[in-house]
Amino acid sequence: MKVATPKVLPEGRSPVGAGLSLSGVTKTFGHRHERVEALRSLSLETGEGSFVALLGPSGCGKSTVLRMIAGLENPTSGRISVHGDSPLAVRGRHQMGVAFQDPALLPWRSVESNIRLPFEVAGRPADDALVDGLIDLVGLRGFEKARPGQLSGGMRQRVAIARALVLEPVLLLLDEPFGALDEMTRQRMNVELQRIWMKQATTTLLVTHSISEAVFLADRVVVLSPRPGRIVEDFHVPFGRPRGVELLSSLDFHQACDHLSTVLFSSIGGLGENGPG
Amino acid sequence: MIQALGVSARIPVSRQLRRHARSVGLAAVLLVVWELLAVTVFSGRFVVPTPTSVAGTAWANHFFYTDLVVTLNISWKGWLIGNGAALLLAAVSLIVPATESALITLGVATYCVPTIAVGPLLVVVYGPTGAKIAMSALSVLFVTLVAAVTGLRAAPRATLEMVTVMGGGRWKQLVKVRARASLPMLASGMSISAPAAILGTMIGDYLGGAKGLGVIMLQAQQQLAVSRTWSIAAVSTVVCGLAFAATMAIARRVSAGVEPALDSAIHPTPLRRGLAGVAIGAARVVAVVLFGLVMWEILVRSSGLSSYFVKSPLDVWQYCVSGPGSATHRSELIHGLIRTASDAGLGWLAGTVAAVLAAGILIVAPTLAAAVMPFVIVMRSVPLIAMTPLIGLVFGRGLLGVTLIAAMVTFVPSLVTIVEGLRSAPAAATDLIECLGGRRLTTLVKVRMPFAMPALFAAAKISMPGAILGSVLAEWLITGHGIGHAMAYDVISSNFSNLWASIAVILVMSLVLYFFVGSIETGIRRRVHAA
């Protein structure tokens with residue numbers, strides 16, 4: 001089993017060895033008559049242990065990118081590799097962690113038992129110390145025995161994050177994990193996610209439509225155009241870690257957000273309309 | 001059990017064609033296998049004819065045209081009356097919510113009542129043709145009532161609140177919002193009830209008559225006319241399938257443009273938890289039962305019918321509990337009931353286990369499911385209970401025949417409900433297991449099966465009374481034991497007290513099972529959908 005080495009990463013680094021690699025990925029949905037091109041010739045390389053955010057308007061296919069990396073969908077053409085392996089191989093070794101907008105907790109299991117689920121799926125004995133540590137890490141001490149129905153939306157997402165990390169994955173995929181939360185909870189969760197992520201520094205892809213969330217969390221922000229999705233900007237975030245809430249009100253942060261917002265709006269404006277929801 | 005039918009509504013034509021091609025191919029293979037088996041394994045036993053000879057017999061008899069017309073002529077009237085009554089009850093239950101549990105119980109009772117046993121009494125009241133129409137209507141009522149109530153409740157809450165804010169009451173909500181939103185549900189309910197109406201008529205035919213599909217099927221079985229029995233069964237099946245398909249096509253057109261309601265949009269009446277909840281639930285059931293008994297007594301007294309045929313609750317009480325000879329009557333009833341219940345129970349268990357296994361296999365092998373599911377949906381519209389004479393012919397008059405009827409009546413509808421339940425697991429949860437490197441079997445065991453538990457109990461709630469009805473009919477028509485046989489004897493010997501008592505006992509047992517399993521279902525549903 002591969003154990004992630006805790007490391008604090010210097011800013012603007014470009015580590016050797018590919019983390020996530022997409023080359024010429026195209027995705028078309030539908031059959032002969034009703035074809036919809038979701039993504040056109042997408043290429044992207046991210047470093048091992050880097051945190052990349054995929055930013056784009058609704059319907060630009062950013063979730064499709066994530067689903068293809070997770071092996072839930074196949075690209076129509078092009079190649080995807082994770083640390084040099086196919087997504088399915090990584091999945092087969094139980095080295096992938098995911099969190100969706102829907103926390104997808106199993107309602108009949110307690111918090112602890114939900115976090116332990118990946119061990120059962122992998123057919124490994126559960127590492128109780130690790131589960132216990134994660135409960136502390138995501139701040140759910142005292143709620144171990146609670147059922148999802150008794151938790152708030154934010155707490156459910158914490159469980160989902162802990163569950164995504166419990167197998168010490170080499171790849172963490174986050175699809176708008178805080179998309180359903182209110183703005184204040186969302187900001188708090190972002191600060192916590194960063195703290196948690198810094199302990200393990202797993203190669204991470206975050207899909208989001210929130211500019212400030214992308215800038216706050218990621219090393220790199222990749223902006224997609226409306227359908228068919230293409231990369232229109234690859235932005236290196238110039239802030240060191242750990243990033244605190246005070247960053248949110250700094251001028252640099254606002255300038256970064258403004259820049260991305262201009263890129264986003266000009267890509268949408270080029271079409272003369274908003275992408276379909 | 002009704003949602004399943006809306007599924008293929010919005011799939012591109014090319015894909016539907018391809019899927020149908022696969023199913024047609026499978027059908028052809030099955031027919032060839034049947035032909036081969038009939039001329040080899042079953043050859044010389046005369047119970048399983050070849051498909052070609054079945055088709056030949058149907059052709060030679062002009063597809064039993066005159067009997068078919070008689071049956072259909074009764075069925076459409078029954079369908080209309082049953083659906084009308086169901087819609088009326090559904091609307092009343094919505095406008096006067098206090099009546100809801102009583103009306104639903106009434107609907108369940110029409111489903112649980114052994115139609116064939118009520119038939120002779122209906123003949124007294126309505127005459128032979130009227131009785132068949134009534135039996136057909138009775139077979140329809142429950143299906144449409146459930147669909148209508150579920151559909152009417154499925155209206156989005158926000159839209160209903162809009163009407164309230166505009167100053168509209170329950171009636172405006174019903175007319176402006178609920179009636180329209182209920183269309184998809186209602187449409188599939190009315191389609192399922194089309195073959196159900198034919199089932200009711202055929203069971204009516206078993207009581208006698210000059211013409212009708214049921215009449216000639218029973219005759220053919222009694223004469224051991226193998227090919228003829230099979231071809232009448234085949235013609236009935238095709239007609240039921242066509243009735244289903246035709247109503248479905250009309251229903252789809254009518255409800256086009258109305259999105260089918262999502263389960264999440266249905267807000268069941270909140271129930272109280274704990275001891276207080278159980279007490280309130282029990283009190284409600286007692287109230288409904290008392291109400292039913294009082295209504296029964298009043299109806300009997302006011303009908304002016306001879307007390308020779310029609311017995312009131314007090315008469316039944318005297319017959320079973322307080323009157324002379326009641327101990328003997330009681331022990332006979334209980335004896336027959338135990339026999340029937342054990343046959344039905346065995347069949348139900350076999351049918352349910354088979355349905356769970358088959359559902360699991362269909363989920364793990366989606367390609368197989370795509371080819372097989374259309375058959376299962378069609379099979380569900382076949383009135384299996386009405387095939388009793390055929391089963392009797394093939395499997396004989398012993399335990400196997402009865403058990404098999406109960407098992408078949410259980411298997412097909414349960415399979416559909418359980419597959420739907422297994423598929424109802426949230427996509428995020430199944431995606432998650434896939435991302436964690438789990439196989440389909442892992443997803444099935446860890447996620448889909450727990451999410452399908454409410455569906456399992458929903459299926460049991462419907463199939464338990466169904467299995468009992470199937471057994472009663474099989475005992476009435478083909479075997480010589482159980483409470484069904486006793487009732488057939490009661491009709492011949494004009495022992496109406498015992499007939500009424502038997503109907504009451506069967507009804508009570510079925511209703512208790514229905515509501516008991518239903519309460520388990522509600523509890524599990526709450527647990528599964530807690531998050």
Side-chain angles (χ1 to χ4, degrees), chain A residues 30-35 63 66-67 69-73 87-109 111 113-114 116-124 146-151 153 155-156 159-160 163-164 166-167 169 171-173 175 177, chain B residues 8 10-21 262-264 270-271 273 364 366 370 421-422 424-457 520-531:
Chain A
H31 292 272
R32 264 155 289 168
H33 304 299
E34 292 166 62
R35 276 179 166 269
S63 286
L66 182 131
R67 290 179 65 81
I69 295 168
L72 293 170
E73 312 235 9
L88 288 181
V90 176
R91 236 167 65 175
R93 290 196 302 266
H94 314 290
Q95 290 180 325
M96 199 180 276
V98 286
F100 305 115
Q101 180 170 344
D102 178 350
L105 303 181
L106 302 182
W108 52 89
R109 285 170 169 253
V111 165
S113 168
N114 263 296
R116 219 183 286 126
L117 176 72
F119 284 115
E120 294 171 26
V121 174
R124 292 179 202 157
R147 296 206 188 275
Q150 301 164 300
L151 303 179
M155 290 163 96
R156 288 182 204 171
V159 180
R163 185 183 57 192
V166 78
L167 290 179
L171 175 67
L172 185 59
L173 298 171
D175 190 356
Chain B
S8 58
R10 288 186 213 299
I11 293 173
V13 178
S14 61
R15 256 174 79 191
Q16 271 196 347
L17 278 180
R18 236 187 309 158
R19 217 169 56 173
H20 286 314
L262 298 169
D263 260 349
S264 59
L271 295 168
R273 286 166 186 244
V364 177
L422 290 172
S424 76
T430 56
D431 282 352
L432 175 87
I433 303 288
E434 232 183 289
C435 290
L436 291 170
R439 294 165 201 283
R440 282 205 193 110
L441 196 63
T442 321
T443 314
L444 181 69
V445 173
K446 297 268 175 209
V447 176
R448 291 193 190 276
M449 291 214 311
F451 269 111
M453 284 311 276
L456 183 66
F457 281 90
I520 299 178
E521 181 207 342
T522 314
I524 291 183
R525 200 173 285 279
R526 202 184 284 134
R527 196 175 147 90
V528 164
H529 294 297

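Convention: sequence-line order gives letters A, B, ...; per-chain numbering from 1. Heavy atoms only: backbone and side chains are in, while hydrogens, waters and symmetry mates are out.
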| task | Write down the atom of A:Ala70, the atom of B:Cys435, and the distance for their closest heavy-atom approach. | result | CB-SG, 3.7 Å

| Within residues 439-446 of chain B, which positions have a heavy-atom distance to chain A below 4.5 Å? | B:Thr442, B:Lys446

| Taking every heavy-atom pair that is under 4.5 Å apart, which of A:Gln101, A:His94, A:Arg93 has the most such pairs with chain B? | A:His94

| message | Under 4.5 Å from any heavy atom of chain B, what part of A:Arg109 do you find: side chain, backbone, both or neither? | response | side chain

| field | Positive for side chain to side chain contact (heavy atoms under 4.5 Å, CB included) with B:Leu436, one of A:Val121, A:Val98, A:Val166 | value | A:Val121

| message | Heavy-atom pairs under 4.5 Å with chain A - which of B:Ile433, B:Thr430, B:Asp431 has more of them than the others? | response | B:Asp431

| said: For the interface with chain A, which of B:Gly438, B:Pro450, B:Ala425 has the highest count of heavy-atom pairs at distances below 4.5 Å? | reply: B:Pro450

| remark: In short, A:Leu106 meets B:Ala429 closest at the heavy-atom pair CD2-CB, 4.3 Å

| query | Shortest non-hydrogen contact from A:Pro107 to B:Phe451? | reply | CD-CZ, 3.9 Å

